[in-house]
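Just so it is clear, the values below take in all heavy atoms, side chains as well, and ignore hydrogens, waters and symmetry mates.
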Amino acid sequence: MAARYGRPRLVPSMRTVAGQVFLVQLAIVVLLVATALAALIFQTRADAEQEARNRSVSVAETFASSPGIEAALRSRDPSAVLQPRALEAQRRADVGFIVVVNREGIRYTHPVPQRIGLRFIGDLGPVFAGHVVTETSEGSIGQLVQATVPIYGAGGRIIGAVSAGMAVSEVQSVIEAQFPLVFGVAAGVLLLGAVGVAVVNRRLLRQTHGLGPTEMTRMYEHHDAVLHAVREGVLIVGGDTRLLLANDEARRLLDLPSDVEGRPVADLGLDPRAAELLESGRPANDEVFAVGDRLLAFNQRPTDEHGGPPGSVATLRDTTDLRSLTGKADLARGRLRLLYDAGTKVGTTLDMVRTCEELAEFATAEFADHASVDLVTAVLRGEEPQATGTGREMRRTAYSGPDDAGALFPVGHHISFVGTTPLGAVLTDGTSVLDTDLSAYSGWELQAPERARTVVAAGLNSMIAVPLRARGVVLGVAIFWRTRDREPFDEDDRSLAEELVARAAVSVDNARRYAREHAMAVTLQRSLLPHGLPEQSALAAAFRYLPAQAGLGGVGGDWFDIIPLPGGRVALVVGDVVGHGLHAAATMGRLRTAVHNFSTLDLPPDELLWHLDELVTRLDQEESGDDIAVPGPTLRVTGATCVYVIYDPVTGHCSMARAGHLQPALLLPDGTARFADVPGGPPLGLGGLPFETLELQLPEHTRLVLFTDGLVEDRDRDIDEGLELLRTTLEANTHRTVDGLCEATLGALVPDTPRDDIALLVGRTRILGPDRVADWEVPSDPAAVAEVRSDVARTLTEWGLADEAFTTELILSELVTNSIRYAAGPIRVRVIRDRALICEVSDHSSTSPHLRQAAITDEGGRGLFLVSQVAERWGTRYTSGGKVIWTEQPLP
């Protein structure tokens, strides 16, 4: 025991087990290194010969296919041409020789010039037959490898041969030059292996404390005595599932015979589950099995985890006295697990019906056979419940259980619980009811006597009814049922049901409150959106609006509008406010009202967006600078986008501008779809940045498609993919009406549960033909007024509007006279027969006439007053070259 006291030596004594193992391991390392070196030397020689053969073949084939070889062979003096090239190639390729011969075997090149012209030594028959020949021979310089390949002429005929070769020693010498490094590495490996073996055996020496075989035997005897003396069973099972050792305590606990060692575990007569554990050898921690009248806890670990022999060691102890305590702990643990699982599976959405369904499904999966949830009808509508649910009408909201349970009320059935019954007391007192024997008819049957007999006949034998209480009020009742196939409910089950329902009730109340707020926001939003399309003749229009799915996005701020403009024109507007909820809906209403107000000024799209941007900036500044503390979020507008389009059905002219919004799509009459290249402007509220207008000339029946980003953007789809899908969908449905195009677009792009609001507006353009439009250019001469009146009267008579001629002549006389008197340049008159009779007088003056009250002594100033009296509407709009004064007269 040299190392038992003091510091262990690096090389152990040969008397110890560690020393003997050290010698064996060291001999194995030396043998492995020597074998590896020998194999390396033999492999080096074989590799050298193969390398020489490969290089010779490569050089010969390269030279044989080199440019000009055929011309050199056919020259008057092939040697004069080929000899220098062969010597140069020999030097560059580092081979021993390159020899070129003709069909007769006469050499044209050779490293020794005296041998040129002599016959080639060797068999050239296979070469001239088209084969590559490699040969190995012994020469004066040692082993020699040469390769001979044919030379092909232009017609594929063999015209000669090239032979290249080299000594194997030339290649081998290069490889053998690495031997000092190889031997050095081998020596290092040998040294490292020896040190490693010494270190490992030092650890073995430390673990055995330098004991020899005799001392190890004595120590085993001592350990064996201790093993059989402990009061815990120990079993050692080998890798072949045979029992190797069982101490006295294990024999007693398992009633094992004395000659049990060496027998398979399957033949010991153990409990099947305990036998399976011992045979598998898997790790186990306190797994309890009933063996006879004992309850044994098994622990098992494999013996080969740290390099030991295959098998396992199992310990077992008697835990019979702990059975009652273990049962209670398992019950508490199972109850906690159920409540935890309920928290993850019940109340996953802000939907009352789905929450009730989740509660019923979870209950039937864990501890009940049937489960039903009834909610107060007012709660389902999102209203505030009363302090008690007694006498209130309820509706069966969810049910889970076997499909053939016709004894219970179906989903959707309306129920009103009687206050004198136990179920009525649930709603009155807010306490749960447990009935362990329904067949005793203890009063629960008074709710519905006929139905009660059907329930008992169906096999239901016990019931728990728990009220859904939240914030002190009853929202409904959850009822759980068990059949005769299971033990009746007990008090522990009622306690579990109460906790489960209490958690679900909070989720139901949250869903109810969310549903109420969502309904309020939807009501506000829909009240702010247009409820129909205005009457106009410029477009055949259709729209669709889809709010975001409740619980995912909520009410948003998308809006759209079709606004009739003077002159038969129409404005299309689509906008989007970032965010959701009441804030977004209120902001949307403010912006929509502002767009309507600005449109009455008849501004171009870029100017309208500029004014709208200024308004949003001012509103945001007012909100941010307000010193009065107002609860709730600040109604900032920044983040809104908008696209504004004006279409004139008389000329087919369309102008559009956008503020941070997606570009409109155009579906042309030929079936092609594209996106209008509207210059991009910043979102509303940034301020100071200009907007630009795109001017287009649209053919009749062009479909204008305006939309918000919710149509093309989704979590599972990039916005570019959505835009391309929209374009292809429009092209695939070019034959549809505007309503059909809306439906096809939503069907192709909108998911089942949209997370954002979607506004879609589609308008098919119309052109007012010559039979509905008449225009004249009027010279700046008062005498031309009479001619205008005559032309207008004739036109209205052709249109069947002779009754309107007098009024129209009066209006145009006053307007044309004003233009002649106060304006410069040419004057144009246009009359449009639309839903109203529209008269327009345009000139190059930017001065607008104003309506005023003329005095009695004034000679003029009554013309516009007269026009305002006989026309239904009138006004002025400015153009890039002047202004247009217009009037509208109702048609019969």
Side-chain angles (χ1 to χ4, degrees), residues 348-351 354 511 514-515 517-519 521-522 525-526 529 542-560 572-585 587-588 591 638-643 645 658-667 672-678 680-684 703-734 736 738-763:
T348 59
T349 65
L350 286 173
D351 184 271
R354 182 56 193 154
Y514 174 80
E517 294 179 3
H518 181 74
V522 169
Q525 183 190 42
R526 293 198 178 277
L529 287 173
F543 67 89
R544 294 293 185 273
Y545 178 80
L546 295 180
Q549 182 72 21
L552 297 179
V555 173
D558 295 10
W559 91 92
F560 62 92
L572 306 179
V573 189
V574 168
D576 186 5
V577 177
V578 176
H580 296 88
L582 290 174
H583 171 208
T587 302
M588 176 268 291
L591 292 182
T638 303
T641 65
C642 180
V643 59
V645 179
R658 63 190 180 104
H661 204 84
L662 294 174
Q663 295 172 334
L666 300 177
L667 179 58
T672 60
R674 63 182 178 88
F675 292 98
D677 192 15
V678 185
L684 300 175
R703 264 66 62 88
L704 278 165
V705 182
L706 282 66
F707 53 91
T708 55
D709 57 358
L711 179 67
V712 295
E713 193 172 18
D714 189 68
R715 287 186 177 182
D716 302 326
R717 181 180 61 208
D718 186 72
I719 190 170
D720 292 334
E721 297 177 3
L723 290 173
E724 179 60 21
L725 179 58
L726 172 61
R727 189 188 67 79
T728 55
T729 301
L730 293 177
E731 290 183 345
N733 295 274
T734 184
R736 291 178 176 262
V738 287
D739 275 296
L741 194 59
C742 287
E743 291 298 328
T745 302
L746 294 180
L749 279 84
V750 179
D752 295 334
T753 56
R755 296 179 176 272
D756 195 6
D757 283 16
I758 297 172
L760 175 63
L761 181 60
V762 179

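- To the nearest 0.5 angstrom, Thr729 atom OG1 is 9.5 Å from Glu724 atom CD.
- No hydrogens or angles considered: a donor-acceptor pair under 3.5 Å links the side chains of Arg703 and Thr734.
- In terms of heavy-atom proximity, Trp559 sits nearest to Val573 at NE1-CG1, 4.1 Å.
- Taking the side-chain contact (heavy atoms from CB on, under 4.5 Å) definition, one finds that Val738 meets it with Ala542, Val762, Arg764, sequence neighbours left out.
- Interatomic distance, Leu546 CG to Asp757 CG, rounded to the nearest 0.5 Å: 8.5 Å.
- Judged purely by atom type and a 3.5 angstrom limit, Arg658 uses its side chain to pair as donor or acceptor with the backbone of Val678.
- Taking each heavy atom of Arg727 and Phe675 in turn, the nearest pair found is CB-CE1, 4.1 Å.
- Counting all heavy atoms, side chain and backbone alike, Ile758 lies closest to Val750 at CD1-CG2, 3.5 Å.
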Worked check of side chain to side chain contact (heavy atoms under 4.5 Å, CB included) between Leu666 and Leu704: CA-CA 5 Å; Leu666 300 177; Leu704 278 165; 3.1 Å; yes
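- With a 4.5 Å cut-off on side-chain heavy atoms, Ile719 and Leu662 count as touching.
- If you take CG on Asp714 and CG on Leu725, they are separated by 11.0 Å, rounding to the nearest 0.5 Å.
- In this view, Asp739 and Arg544 satisfy the salt bridge (charged side-chain N to carboxylate O under 4.0 Å, His left out) rule, not counting sequence neighbours.
- With hydrogens and angles disregarded, no donor-acceptor distance shorter than 3.5 Å links the side chain of Asn733 to the backbone of Arg736.
- Side-chain atoms of Glu731 come within 3.5 Å of backbone N or O of Ala673 as a donor-acceptor pair.
- Judged purely by atom type and a 3.5 angstrom limit, Arg717 uses its side chain to pair as donor or acceptor with the backbone of Leu749.
- Summarising the geometry, atom OG1 belonging to Thr708 is positioned 4.0 Å from atom CG belonging to Asp558; distances are rounded to the nearest 0.5 Å.
- A heavy-atom distance below 4.5 Å is not found between the side chains of Cys642 and Leu591.
- Between the CG atom of Asp720 and the CD atom of Glu713 there is a distance of 10.0 Å, given to the nearest 0.5 Å.
- To the nearest 0.5 Å, atoms CG (Asp576) and OG1 (Thr587) are separated by 11.5 Å.
- For Leu730 against Ala665, the heavy-atom pair with the smallest separation is CD1-CB, 3.8 Å.
- Between the side chain of His661 and the backbone N or O of Phe707, at least one donor-acceptor pair lies under 3.5 Å.
- Side chains of Thr641 and Asp709 form no contact here, defined as non-hydrogen atoms less than 4.5 Å apart.
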